[in-house]
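Reviewing the structure listed below.
Computation of the quantities below employed the complete heavy-atom set of this structure, encompassing side-chain atoms and omitting hydrogens, waters and symmetry-equivalent molecules.
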Amino acid sequence: MTAAGPAVVLPWHAAAWRRLAGLRAGSRMPHAILLAGPAGLGKSQFARRLGASLVCARVGAEGDACGECAACRQVRAGSHADLHWIAPDEPGKLIKIDAIRALNRHSVLAAQEGGYRVFVIDPAEMMNVSAANALLKTLEEPASRTILVLVSSRPDRLPATIRSRCHAIVFAVPPTSDARDWLVQELPDGDVNSWLAIGGGAPLQATRAFAEGWLDADRQLIRGLGQLKERRTNPLQVVENLTGRPLTSVLESFRRCVADLVRIRQVPTYVGIFHPTERADLQSLAQDIDFKRLHEFGDELARFDHESRHNLNPTMVIEFLVNRWLQLTRPGGR
Ligand SMILES: [Zn+2]
């Protein structure tokens, strides 16, 4: 698969971009680069921009692709022979060894266009064990003018042997004012502060939250949890409302809400919560809940999040979560 579409320049990438452009200008371009950091910071866009620049014949002063040469036209059409994009066949599935074996075979050939040969693996943590082992071979004996770009929001899930052979570029959440300035352009009519908060400060997570309607979904869940805590609704009704949504989206809502409850239970005025406008409701939700058990609930959610790609039964998972919440909020503790 090749990467198509124009390269996007995101303002909070400036320092990382300058660093790589400097290495390239000094002929010290690393043969393997790991773009790591939380989701929603545009690491894939950075990889696209980097890939386009590495195959371009007339790179500009800032290190960006010219956008006009034959190579750039091929990149735009998604047909450049030296720019490869390795991803799971479907989102959430694993990257298998065949894809990495093909990479290994291609990487030893000379670049057809005389520039760099670039392989982007995105998301790299989705390589299965044998794929990761096969990649290790290429990392240990790098071919000249071949550059591997690994993109990962969960670099902790990559083997240490792979991480240690890559030049890491770590992306962090930009300062709030920078993120807000960018987001105002993207969502001119939106409640930018709320979208940024629910996106955990990551600008592209905020635009995704906007597109997928996270605020309404989470607020509805917070209301439902409140009614359950006060025993004012039939749990089956709450389960039924939630099963109308994709399981991964329900799990994400639960994860954000419970994360907020854990923080608020510790520090009621905690600043970086996902739902600042719901603080009063969250404070009353968190009241009288055993902190340790609340924290365990958060851990359980993280585990589901990881397992949800393996065909869990959505209704059973949601029933389990609602029951867990009823246990946590049982009058008198247990
Ligand atoms: Zn070009």
Side-chain angles (χ1 to χ4, degrees), residues 38-40 153-154 156 173 194-202 205-206 208-209 212-233 235-309 312-334:
S153 302
R154 292 300 307 266
D156 55 309
V173 167
S194 289
W195 292 116
L196 196 58
I198 203 168
Q205 196 77 325
R208 187 185 152 210
E212 296 179 4
W214 290 6
L215 274 181
D216 281 348
D218 284 19
R219 284 171 182 164
Q220 197 185 350
L221 177 62
I222 290 169
R223 267 200 305 281
L225 293 178
Q227 289 165 348
L228 286 170
K229 186 181 181 191
E230 293 164 13
R231 307 300 192 257
R232 281 197 286 117
T233 185
L236 292 177
Q237 186 60 52
V238 177
V239 170
E240 196 182 313
N241 293 344
L242 289 170
T243 46
R245 295 169 51 197
L247 179 61
T248 50
S249 148
V250 174
L251 285 167
E252 285 185 1
S253 281
F254 260 100
R255 192 180 49 74
R256 284 188 295 271
C257 293
V258 172
D260 274 0
L261 292 176
V262 169
R263 291 153 163 180
I264 278 179
R265 188 77 175 77
Q266 280 181 302
V267 182
T269 55
Y270 193 101
V271 174
I273 59 173
F274 291 111
H275 310 95
T277 57
E278 319 301 303
R279 186 182 299 275
D281 288 344
L282 291 165
Q283 279 170 346
S284 75
L285 275 184
Q287 222 163 27
D288 309 324
I289 297 185
D290 181 70
F291 178 74
K292 186 167 163 275
R293 296 178 71 209
L294 188 59
H295 204 277
E296 283 166 4
F297 189 32
D299 288 347
E300 273 168 351
L301 284 164
R303 209 184 60 227
F304 270 126
D305 222 16
H306 189 45
E307 287 169 358
S308 60
R309 53 179 74 108
L312 293 171
N313 178 318
T315 308
M316 277 174 65
V317 172
I318 291 167
E319 279 174 358
F320 173 85
L321 298 176
V322 167
N323 275 324
R324 182 58 96 229
W325 177 252
L326 287 170
Q327 286 167 11
L328 276 173
T329 54
R330 190 170 295 162
R334 302 187 69 87

Exercise. Do L321 and L251 come within less than 4.5 Å of each other through their side chains, counting heavy atoms only?
Worked result: yes
Exercise. For the residue pair V173 and G200, what are the closest heavy atoms and their distance?
Worked result: CG2-O, 4.0 Å
Problem set entry | Nearest-0.5 Å distance that lies between atom CD in E252 and atom CD1 in I198 | 10.0 Å
For this session: Provide the closest heavy-atom pair for L261 versus L282 in the form atom of the first, atom of the second, distance.
Result: CD2-O, 3.4 Å
Exercise. Regarding E319 and N323, is there a side-chain donor-to-acceptor distance under 3.5 Å anywhere?
Worked result: no
For this session: Hey, could you give me the CH2/CG distance between W325 and L285, rounded to the nearest 0.5 Å?
Result: 5.0 Å
Exercise. Is there side-chain contact between V250 and T243, with at least one heavy-atom pair below 4.5 Å?
Worked result: no
Problem set entry | Polar contact flag, side-chain donor to acceptor under 3.5 angstrom, T329-R231 | yes
For this session: State the NZ-CG distance between K292 and L294, to the nearest 0.5 angstrom.
Result: 12.0 Å
Problem set entry | is_close_aromatic(F304, F254), centroid dist under 6.0 Å | no
For this session: Would you please test L221 and N241 for side-chain contact (heavy atoms from CB on, under 4.5 Å) and show each step?
Result: CA-CA 9 Å; L221 177 62; N241 293 344; over 6 Å; no
Exercise. Once you round to the nearest 0.5 Å, how far does CG of L228 lie from CG of L328?
Worked result: 11.5 Å
Exercise. Does any donor atom in the side chain of Q266 or R263 lie under 3.5 Å from an acceptor atom in the other side chain?
Worked result: no
Problem set entry | S194 versus T277, closest heavy-atom pair with distance | OG-CG2, 3.9 Å
Seminar exercise, completed: CD (E212) and CD (Q205) are apart, to the nearest 0.5 Å, by 8.5 Å
For this session: State whether the side chain of R255 and the backbone N or O of L301 hold a donor-acceptor pair below 3.5 Å, judged by distance alone.
Result: no
Problem set entry | Minimum heavy-atom distance between C257 and I222, given as atom pair plus value | SG-CG1, 3.7 Å
Seminar exercise, completed: Looking only at heavy atoms, the pair that brings A286 and I264 closest together is CB-CG2, 4.3 Å
Problem set entry | P268 backbone acceptor or donor facing R279 side chain under 3.5 Å | yes
Problem set entry | CG on N313 to CD1 on I318, rounded to 0.5 Å | 9.0 Å
Problem set entry | Within-4.5 Å side-chain heavy-atom neighbours: L215 and R219 | yes
Exercise. Just by distance, do the side chain of D260 and the backbone of H275 share a donor-acceptor pair under 3.5 Å?
Worked result: yes
For this session: Compare every heavy atom of V238 with every heavy atom of V322, then report the nearest pair and how far apart it is.
Result: CG2-CG1, 4.3 Å
Exercise. Are the side chains of E296 and R324 in touch, meaning some heavy atoms are under 4.5 Å apart?
Worked result: no
Exercise. Would you say F297 and Q327 make side-chain contact, with heavy atoms under 4.5 Å?
Worked result: no
Exercise. Should D218 and F274 be marked as a side-chain contact (heavy atoms from CB on, under 4.5 Å) after you check the CA-CA gap, both sets of side-chain angles, and the distance that decides it?
Worked result: CA-CA 10 Å; D218 284 19; F274 291 111; 5.7 Å; no
Exercise. Is any side-chain heavy atom of R245 closer than 4.5 Å to a side-chain heavy atom of S253?
Worked result: yes
